[in-house]
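The next block holds one structure in the form of structure tokens; read it before the comments.
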Amino acid sequence: MTEIAGHQEIDGALQDLKAGSARWATMPLGGRRALLDALAVSVAGSAEEWVALASAYKGLDPGSPLVGEEWLSGPYSVLTAIGALAETMNALEKGRSPVDGFRLGSAPGGRVSIDVLPHNHFDRLLLSGFGVKVWMAPGVPAAQVRAAAGLAQRTPGTSGGVGAVLGAGNITSIPPLDVLYEIYAHNRAVLLKLNPVTDPLLTVFGKAFAPLIEAGMLRILCGNAGLGQYLVKQPIVDHVHLTGSVATYDAIVYGTGSDGAARKAAVQRGQAQPLLAKSMTSELGGVSPTIVLPGFWSKADLRYQAEHVATQRLHNGGYNCIASQVVILSEQWPQRDAFLAELRSALDRAPVRPAYYPGSDHRVAAAKAAYPQAESYGRGGGRLLLADVRLRSGENALNTEYFAPVLAVSLLPGTGMQFFRAAIEAANDQLTGTLGVNVIAHPQTLRAAGSAFEEALVGLRYGAIGINAWTGFGFLTARAPWGAFPGADPANVESGVGVVHNALLLDHPERTIVRGPFRPVHRGLGAGELTLSPKPPWFVTNRTASVTGRLLTRFAAEPRWSRLPAIFASALRG
């Protein structure tokens, strides 16, 4: 760990990592698994400080339920990933495939699917009603899925060299999760450059990830964009991974200003080469939609799902690459206006928090300038609702990732599957990005659609699809791949190239399908939905999110049956 003062320190860190990568190639699988065990201890021991520091620079009151976001999207996410990777390494060490013990099924289009959650009794109890499947790319047979799972850990003596990870500034688990994937999926030692927003975490990250640093597989630095540019251009860096914006990607690959724009255009025409021609993966966000299928909902359903959509936009203040930005509704839905009234109320009453992410106020102002009739909600009016945004080419709200508390609503004609297919076409063709899409549908609507609904999902060109569950839950699911829909051209990168997380180390995953309960437990059981899920702790309206998040993190560090009652009690009070 170091705080970089200049190019000399970067050069020294890269030399250390080159040596560490060579040592890694000699380390047996058992040693790599033991390193994860040590990492779990150090991350758990640093969790309190980690969450306190993140809450402080985000301006959260220590007693606020919103601190639960920092627990779940911080140390909890990393601890669950460490545990899942350790199981993968244990399987490989014993000569088994990491997918042994997971159900392999089929998905539309001849795809193989893997049920990655629930996986054990704890999952079934703690995440009752939630399920996650991974759909593999078409043409990948089950035998190949089993044989290829493990990626670089199947050839542990082959070094992946040195990678540079340019960390995200919004969710604190993203940089370490990206680091873990580089190391275990690709056998690469990593130099992590923190985003300046997360610089306050430098010291605690040094403690939390000390086992990787001591093994010579990680160095962490702070620095501005210029130092990042210097880092990625060094010949010793074999690969670059970026979590950020398309603008940052373009600045790295093509350059800045008019010269960068001209070079990008020339590259797209096949008339020039990018400035950075080395191997690169990325996760770049986009404009994520939420498609609401018309149905017959109770008043409680309308209120709950409005809070669900508000959470998809307002979690972490709206500074999420997977935040919902456009809600697509049916013009013919009789309850459309009632739902919009509940959505306005949910946006207005959600807890107020500071706009901590740089440029947020400017982006909100820009959205308001583009849509003068925008409605303002929340104390101070910092949240915008853009009503009746047309689904057409060139529309600002469909092509600009606001990365701020701004939510648009668009209407389409049709009902049932006719509406859903039209919404899929609009989401694919009119909205920028392919990272994630949410679908909300009443259980009766899904039953009426039958297999046609599953077949229609194939047409959604997104890396994660959430059905009655925010795709952010897919981010939290360690064994699920996370990334844009495959096939983006680096010259038109959309939401990025490649995946991360993916603790089963699957080769050629296509997308992650997340499902959740339409209602919380106290109403779901009465409606015949056999799930035990209360209001999820990531809802911005959950009153006990901080306590539940802390308890879940403690459980992730050391799962015990004795810890479940306290988690259930806190979750049910939420």
message = In this structure, is the centre-to-centre distance between the rings of Trp71 and Tyr76 below 6.0 Å?
response = no
message = Working note: Lys207 + Glu49, criterion salt bridge (Lys or Arg N to Asp or Glu O under 4.0 Å); need CA distance, chi angles, decisive distance, verdict.
response = CA-CA 10 Å; Lys207 299 174 186 175; Glu49 183 182 0; 3.1 Å; yes
inquiry  = Evaluate Asp16 against Arg219 for salt bridge (Lys or Arg N to Asp or Glu O under 4.0 Å), listing each step before the verdict.
reply    = CA-CA 9 Å; Asp16 290 346; Arg219 295 291 183 270; 3.8 Å; yes
inquiry  = Tell me which one of Thr553, Ile171, Val51 satisfies side-chain contact (heavy atoms from CB on, under 4.5 Å) with Glu70.
reply    = Val51
ask   = Does a side-chain N-to-carboxylate-O contact under 4.0 Å join Glu87 and Arg479?
value = yes
inquiry  = Just by distance, no angles: are the side chains of Gln430 and Arg392 close enough, under 3.5 Å, to form a donor-acceptor pair?
reply    = no
task = Using only heavy-atom distances, determine whether the side chains of Thr88 and Gln153 contain a donor-acceptor pair under 3.5 Å.
result = no
task = Quickly, which of Asp250, Asp489, Asp259 forms a salt bridge (Lys or Arg N to Asp or Glu O under 4.0 Å) with Lys264? Name it, please.
result = Asp250
message = Is it the case that the side chains of Tyr230 and Asp11 hold a donor-acceptor pair, with the cut-off being a distance below 3.5 Å and no angle test?
response = yes
request  = Compute whether any side-chain donor of one residue and acceptor of the other, for Tyr356 and Asn316, lie under 3.5 angstrom apart.
outcome  = yes
task = Report yes or no: do Thr158 and Asn187 form a side-chain donor-acceptor pair below 3.5 Å?
result = no
Over all atoms of both residues, closest heavy-atom pair of Ile82 and Leu180 = CG1-CD1, 4.1 Å
query = Is there a side chain to side chain contact (heavy atoms under 4.5 Å, CB included) between Leu17 and Met217 once you walk through the steps?
reply = CA-CA 6 Å; Leu17 291 167; Met217 292 300 289; 5.7 Å; no
ask   = When you check the gap from the basic side-chain N to the acidic O, do Asp429 and Arg461 get nearer than 4.0 Å?
value = yes
inquiry  = Among Leu231, Leu276, Ile252, Val253, which residue satisfies the side-chain contact (heavy atoms from CB on, under 4.5 Å) criterion with Val240?
reply    = Leu276
request  = Decide if atom CD of Gln268 counts as having more than 12 heavy atoms of other residues, nucleotides or ligands within a radius under 6.0 Å.
outcome  = yes
ask   = Would you find more than 12 non-hydrogen atoms of other residues, nucleotides or ligands less than 6.0 Å from Gln271 atom CD?
value = yes
ask   = Strictly by modelled atom types, are His239 and Thr281 linked by a side-chain donor-acceptor pair under 3.5 Å?
value = yes
Phe102 ring center within less than 6.0 Å of His119 ring center = yes
ask   = In terms of side-chain heavy atoms, does Ser21 have a donor or acceptor partner in Ser159 at a distance below 3.5 Å?
value = yes
ask   = Between the side chains of Trp538 and Thr311, is a donor N or O closer than 3.5 angstrom to an acceptor N or O?
value = no
request  = Let me see the working for Thr80 and Leu476 under side chain to side chain contact (heavy atoms under 4.5 Å, CB included), right down to the final yes or no.
outcome  = CA-CA 8 Å; Thr80 55; Leu476 292 176; over 6 Å; no
request  = Using only heavy-atom distances, determine whether the side chains of Tyr181 and Asn502 contain a donor-acceptor pair under 3.5 Å.
outcome  = yes
message = Is there a side chain to side chain contact (heavy atoms under 4.5 Å, CB included) between Ser113 and Glu510? Walk through the geometry before answering.
response = CA-CA 10 Å; Ser113 67; Glu510 182 186 54; over 6 Å; no
request  = Report yes if the side chains of Leu14 and Val237 come closer than 4.5 Å at any heavy-atom pair, otherwise no.
outcome  = yes
message = For Phe473 and Trp482, I'd like to know if the aromatic rings sit close, meaning centre-to-centre distance below 6.0 Å.
response = no
